[in-house]
Number of protein chains: 2
Amino acid sequence: MPRRTPVPSNAELAILLILWREGPQTVRAVYDSLRRERDIGYTTVLKTMQLMAAKKLVTRDESERSHVYRAAVAEKSIKRRLVSDLLDRAFDGSAAQLVMQALSHKRASAEDLKKIRQLLKENSRGAR
Amino acid sequence: MPRRTPVPSNAELAILLILWREGPQTVRAVYDSLRRERDIGYTTVLKTMQLMAAKKLVTRDESERSHVYRAAVAEKSIKRRLVSDLLDRAFDGSAAQLVMQALSHKRASAEDLKKIRQLLKENSRGAR
DNA sequence: CGCAATATACGAAGGGCTTCGTACATTGCA
DNA sequence: TGCAATGTACGAAGCCCTTCGTATATTGCG
């Protein structure tokens, strides 16, 4: 059976964000990035990335001594699933409810609102 | 130190949704609701609700033999925190990004879009 | 009255996530 | 050349969540 890749855990997501943003890289490089944000051990990052490889969240190139890891899942699709999960878990599947929450949020800046309005405009043109 | 109530786990959130929607009720009533959706044992629900009481996510009235549980956290505030967490974990704090995901989602229905446009209109009036 | 039904309490198992320590191999430079 | 640095592998601990079984008390009805 083709099992869909699982939704990444927290630690896994943090690593995926780095790989998505900066492209394929070694454990060391990811570790350095993470280290800038918080205290964490090198082998912790290594282990997590090994588990991610086992889950097919990443692939790794082992041709060099320092393996190079690459995201094996699309940013869009993972983020879509994260949103989808939250939708199911808390908002009864209603995107409108979730968006309202997000919009009423402090951090929905004026800029954000502008972007969203723009998006909606485009969206309404292309809507079925 | 006044510790903020924790973000509810999955099982806890499912129970809170019921309490929010239907008001204070017994374990039995919650169990019946949950049972309609999936297989789960009565004592599982009981235990979870007891833990929720310990965490102050709910309060319970013990004056009757069947304790009556009531949500002790506001729906809005919990949902806000859920959105906030996702924002932090996956969207670099950008509400616009999250909203875009939610909007591009299949389940952002035409109705949802309408509601959201309406919301934005109001929002722009009240914006600082 | 006595028993079946229903309630709470709670220990414990099992799984997943995160973390780290330790073992061991390889590398490169003083 | 030999050692410090750097790499991978992996077991295991600790924590939380979820689940359920079991013990025990209470209730109400036939």
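These numbers were taken from a predicted model, which means no experiment stands behind them. Chain naming here is simple, since letters A, B, ... match the order of the sequence lines and numbering starts at 1 in each. We use all heavy atoms of the structure for the numbers below, so side chains are in, but hydrogens, waters and symmetry mates are not.
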Margin query: If you assign R65(A) and E62(A) each to the DNA chain D nucleotide with the nearest heavy atom, which residue ends up on the more 5' nucleotide?
Written below: R65(A)

Item checked: Heavy atoms of other groups near E64(A) CD, more than 12 under 6.0 Å -> no

Margin query: Just to be sure I understand the rule, does S66(B) reach a base, reach only the sugar-phosphate, or reach nothing, if contact means heavy atoms closer than 4.0 Å?
Written below: sugar-phosphate

Gap separating the [atom1] atom of [X] from the [atom2] atom of [Y], nearest 0.5 angstrom:
{"X": "R70(B)", "Y": "T59(B)", "atom1": "CZ", "atom2": "OG1", "result": "6.0 Å"}
{"X": "K79(A)", "Y": "L98(B)", "atom1": "NZ", "atom2": "CG", "result": "9.5 Å"}
{"X": "M49(B)", "Y": "Q25(B)", "atom1": "CE", "atom2": "CD", "result": "7.0 Å"}
{"X": "Q101(B)", "Y": "L86(A)", "atom1": "CD", "atom2": "CG", "result": "12.5 Å"}

Would you kindly give the [atom1]-to-[atom2] distance between [X] and [N], to the nearest whole Å?
{"X": "D61(A)", "N": "dG7(D)", "atom1": "CG", "atom2": "C1'", "value": "15 Å"}
{"X": "L51(B)", "N": "dC10(C)", "atom1": "CG", "atom2": "P", "value": "11 Å"}
{"X": "L46(A)", "N": "dG21(C)", "atom1": "CG", "atom2": "P", "value": "14 Å"}
{"X": "E64(B)", "N": "dT6(C)", "atom1": "CD", "atom2": "P", "value": "17 Å"}
{"X": "M49(B)", "N": "dA9(C)", "atom1": "CE", "atom2": "C1'", "value": "15 Å"}
{"X": "K47(B)", "N": "dT22(D)", "atom1": "NZ", "atom2": "P", "value": "16 Å"}

Item checked: Divergence of helical axes at both termini of the helix from dC1(C)-dG30(D) to dA30(C)-dT1(D) - five pairs an end, 10° steps ->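 For the helix from dC1(C)-dG30(D) to dA30(C)-dT1(D), the axes at opposite ends meet at about 20°.
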
OP1 or OP2 of [N] less than 4.0 angstrom from a side-chain nitrogen or oxygen of [X], does that happen here?
{"X": "R60(B)", "N": "dA7(C)", "result": "no"}
{"X": "Q50(A)", "N": "dC10(D)", "result": "no"}
{"X": "Y42(B)", "N": "dT8(C)", "result": "yes"}
{"X": "T44(A)", "N": "dC20(C)", "result": "yes"}

Checklist line | Flag, side chain of W20(B) to backbone of V73(B), donor-acceptor distance under 3.5 Å | finding: yes

Note to self: Check whether D92(B) reaches the backbone of S94(B) with its side chain - one donor and one acceptor, N or O, closer than 3.5 Å.
What the structure shows: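 Checking the backbone N and O of S94(B) against the side chain of D92(B), no donor-acceptor pair under 3.5 Å is found.
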
Notebook entry, point to check: What parts of residues 7-41 of chain A reach DNA chain D, counting only heavy atoms under 4.0 Å away?
Noted result: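 R28(A), in order of number.
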
